[in-house]
Amino acid sequence: RTFYLDDSEISDPPADGAEYTGHKFSAVLRDSDEHWAAYIPPKTTVTIFASPSTFIMRFKAGFSGYVRLALLNNCTTGKDNVSPHCPATNVPNSEADPYIDEFAQAIDDGSNVCTEGSVITIDKVPQGTRTTYHYKDVRCWDSLPDGYLTMIALPHHLAVTPCNGDYKVVQAGGHRNLRGLGLAVQTAGHKWELVYPEYDIDWVGEPDKDKIPTILKFLKGNGELSDMHYDMRYDMKDGMIDPYNAGKMLAKLGRLTLIADQLDEPDIRDILLNRTRVRLSRWLDHTTKNLLIYDSTWGGVISCGCRYIWIDMKEWPEPHGYPICANDETKLECPTLADPNFDFGNAYYNDHHFHYGYFIYTAAVVARYDPAWAKKYNEKVLMLVRDIANPSPDDRYFTTFRYFDFFVGHSWALGIYSDPNGKGQESTSEAVNAWYGVYLYGQATKQSLVSTIGETLLLMEVHSTNYYWHVPQNIEIYPKGYNHLMVGILHDLIIEFQTYFGAAGFFVHGIQLLPITPVVHLMFPPYWVQDGYPRFKAYCAADPFCTDSGFVTFMVAEQAMIDKEGAWTAALKLPDSVFSNDCAGGNGNSRTNTLYFVSAWGNDKRPHWPMEEPACTNWDWTVDTQTTPTIKDHSTLSRSRRTGFRKPKSTTIGAWLLTLVLLCGALYGAYRNRERLLEEADAIKQQCRHGYAMLHSRARAQKGEGQTLPSSPSAAPSLYGTASP
């Protein structure tokens, strides 16, 4: 429709191409009603091809330099119902949005600030946990004046961006993506701070004293049905199970251990602790039928898988047979490598933070009571931590933050699959549980960096969940056509009211509540539950499978947020079957845990919910932007185009540097000691199909003897050091 060269209109550019020289080229396209701008090196000559539906810039052979593209307006005329983003038919953005030109100006202001790298730091401030993004900025084109670092702020950003005069936000004028209206935010410096409110993250919580006798009844006074007797089924103990369901059951044992300790039942605690320790150690000792192995191609821990079959022996007593794994795991006959859906896609890196989050949580519980176990198994547990939340770009075995997206503030669960709708995630509560486990493990083993990473990711994931999964009613995120209060699966490009295993409404609500732990209450603001719980209840009332599947337990947990006594009564009426190992929804939960959660966290009132706070009323600079440098050398922050993650001490830089020196010295000594084991692992790897090698294993030389496992926990350089006894 219209073509501009350096903001001057060029009439009738030829469709067959013509040469133009300039810096800013922009076009308003008729067929999309969008206004796009491209910024290129000044005085560059390009050939322009223009038509109602396309705008092509062709550079000369050998061109090298920055080219920047920005969408300035997605409804320029409002005509012909071309754009779905217009405020009304035949109404352009300019008539309804007084900030549309200011937004375009902000894009211009930021066009000459190019970011080549970044570092994220974390520290504590009076308002909470501050996550600061430090950017290594350079001029895109030296011949042009400085500009201001300009970024797009999504709705969740503004609630935690300090309203302190360091940031200017254009109040509208942005354009929508899946997460609502994106606004231009400009910084006076070269950083963006996000401050997340501080909350107590508890191991288990304090129950009401008058409810303790009832909880104890189901823990120890209910005969053989008492939860103190809970254990995994015999074949599951041997690891004839996927790591996801195994993790849920291990964590179930872990929570019962914590509850027994909190209720001053040391004998029961020790029984449950020993059971938990033995079951978890088998996975870490590499003696389960389903082995955890290291993938050197993508750099991660994956499951080998168990092709479960039943051998009938009718003459035997019940159960008239026994199970086996048809594949030989000692020879790396791994069904997960051939079937992308096996073990919920674990070998294709699907949901690792869900799966291993349960393991890490369970390890935290054992480590809390058994420092010797923690010291022995620290390296192995940290391998799982590094698989899902590795902070170091120098770790040659694991990528950094495999699942977490620091811009959107939440995780993506989809592994290396291709999906036309982009990355996706279903269960935010299980993502939060992963970071909860990392936090608790750091607390239990006195590894402050580990706990800081876990706490920060937890706070960020919880915050974004309450914008993009728990649909807020006080701000507009999704189009009005989406009339649900919960999102089942969030992709980069679409949202779905369904799950990967079914479209029932109680599945969609329930998958966002498991496992039931103390941090669940952080995810559900009471004002949202007031509307969300009645829908969950209606979905369950309409379909008995809500109970049969065990998802009714999550409905009770949500009810507790606003109706503790009603949830308590409902929890007492739940059938025992919803907590059985064979119940897919409830097998990671117990009646003891459900009652304890209702009692300890029901009707809990948080002092601060960011979404309830009034919006900042002055999103403008109060600092002197004329004297604030706009281009700064950040070479000391990180090597170019790599992102690090560090936690500065709140005392002095000198103390922090001394800590780093001591840590590096310890790591270097440990590293040298591990080289021999690494060489042996590399030798094994060369013999394995698909570049996969088993963790911590040596092949026996004698034929037919399979493989054994060394007792040493060492396998790769530890990022965090050794657990303190």
Side-chain angles (χ1 to χ4, degrees), residues 197-216 218-219 227 251-252 254-264 357 361 364-365 427-433 435-437 439-440 443 454-455 458-459 461-463 465-466 469-470 509-530 532-533 536-537 551-574 579 586 588-610 612:
E198 197 76 13
Y199 303 114
D200 290 333
I201 303 174
D202 207 310
W203 283 86
V204 65
E206 293 278 352
D208 296 330
K209 291 183 178 180
D210 64 323
K211 290 181 167 55
I212 290 178
T214 303
I215 299 172
L216 283 173
F218 288 99
L219 177 65
D227 284 325
K252 177 177 180 176
R255 279 194 297 281
L256 288 170
T257 301
L258 291 171
I259 291 171
D261 183 59
Q262 186 69 26
L263 297 181
D264 198 23
Y361 169 87
V365 175
S427 178
T428 56
S429 52
E430 288 181 295
V432 169
N433 181 65
W435 318 136
Y436 181 46
Y439 168 76
L440 293 180
Q443 290 286 300
E455 179 185 20
L458 185 157
L459 293 174
E461 189 101 34
V462 165
H463 181 69
T465 292
N466 282 316
W469 274 268
H470 306 163
H509 280 250
I511 199 64
Q512 309 299 344
L513 273 144
L514 84 148
I516 299 174
T517 70
V519 293
V520 166
H521 83 284
L522 299 178
M523 303 174 63
F524 286 87
Y527 62 83
W528 184 92
V529 178
Q530 292 285 354
Y533 166 68
F536 196 168
K537 183 179 180 181
F551 273 73
V552 66
T553 60
F554 310 126
M555 184 197 74
V556 172
E558 186 172 311
Q559 180 182 4
M561 314 286 185
I562 56 173
D563 178 16
K564 176 189 284 190
E565 296 306 319
W568 178 263
T569 300
L572 290 171
K573 294 179 180 179
L574 291 172
F579 303 112
N589 195 17
S590 64
R591 193 185 304 274
T592 297
N593 181 61
T594 304
L595 291 170
Y596 196 101
F597 176 84
V598 172
S599 176
W601 299 104
N603 294 350
D604 184 67
K605 302 297 184 185
R606 285 173 64 179
H608 172 87
W609 293 88
E612 292 182 314

Review point. Does the Tyr596 side chain pair with the main chain of Gly205, one donor and one acceptor, at a distance under 3.5 Å?
Key: yes
Review point. Distance-only, no hydrogens or angles: does the Asp227 side chain make a donor-acceptor pair with backbone N or O of Thr592 under 3.5 Å?
Key: yes
Check your understanding: CD/Glu430 to CD/Gln512 distance, rounded to the nearest 0.5 angstrom?
Key -> 9.0 Å
Check your understanding: Looking only at heavy atoms, what is the nearest atom pair of Leu458 and Trp435, with distance?
Key -> N-CB, 3.6 Å
**Study point:** Tyr439 side, atom OH; Ile201 side, atom CD1 - distance, nearest 0.5 Å
**Key:** 5.0 Å
Practice item. Without swapping roles, check the side chain of Asp208 against the backbone of Ala600 for a donor-acceptor pair under 3.5 Å. Key: no
Review point. Taking only residues two or more places apart in sequence or in another chain, which ones pass side-chain contact (heavy atoms from CB on, under 4.5 Å) with Leu574?
Key: Val552, Thr553, Val556, Val578, Phe579, Arg591
Point to revise | Heavy-atom pair of closest approach, residues Ser599 and Trp568 | key: CB-CZ3, 4.1 Å
Practice item. Would you give the length of the straight line joining atom CD of Glu565 to atom NZ of Lys211, rounded to the nearest 0.5 angstrom? Key: 3.5 Å
Review point. Heavy atoms, side chains only, cut-off 4.5 Å: are Ile259 and Pro207 in contact?
Key: no
Practice item. Would you check, one step at a time, whether the test side-chain contact (heavy atoms from CB on, under 4.5 Å) holds for Val462 with Tyr199? Key: CA-CA 11 Å; Val462 165; Tyr199 303 114; over 6 Å; no
Point to revise | Asp200 atom CG, neighbour heavy-atom count above 12 within 6.0 Å | key: no
Review point. To the nearest 0.5 Å, how far apart are CZ in Phe597 and OG in Ser590?
Key: 13.0 Å
Exercise for review: Under the side-chain hydrogen bond (donor to acceptor under 3.5 Å, both in side chains) rule, collect the residues that match up with Thr594, sequence neighbours excluded.
Suggested key: Asn589
Exercise for review: Using a cut-off of 6.0 Å, state whether more than 12 heavy atoms not belonging to Lys537 lie near its atom NZ.
Suggested key: no
Review point. Going by heavy atoms in the side chains, are Leu572 and Thr214 under 4.5 Å from each other?
Key: yes
Exercise for review: Could you tell me whether the side chain of Tyr436 and the main chain of Trp203 form a donor-acceptor pair under 3.5 Å?
Suggested key: yes
Check your understanding: Backbone N or O of Lys252 within a donor-acceptor pair of the Asn593 side chain at under 3.5 Å?
Key -> no
Revision key, fill the gap. Nearest heavy-atom contact between Ile516 and Ala557 is CD1-CB, 3.7 Å
**Study point:** From CG (Leu513) to CE (Met561), nearest 0.5 Å
**Key:** 6.0 Å
Review point. What distance separates Thr428 OG1 from His470 NE2, expressed to the nearest 0.5 Å?
Key: 5.0 Å
Check your understanding: Could you go step by step and tell me if Leu595 and Phe218 meet the side-chain contact (heavy atoms from CB on, under 4.5 Å) rule?
Key -> CA-CA 9 Å; Leu595 291 170; Phe218 288 99; 3.6 Å; yes
Point to revise | Any donor-acceptor N/O pair, Arg255 side chain to Gly588 backbone, under 3.5 Å | key: yes
Exercise for review: Using the six-membered ring wherever Trp is involved, compare the ring planes of Trp601 and His521 and label them parallel, tilted or perpendicular (cut-offs 30° and 60°).
Suggested key: parallel
**Study point:** Exercise: do Tyr533 and Glu558 side chains pair donor with acceptor under 3.5 Å
**Key:** no
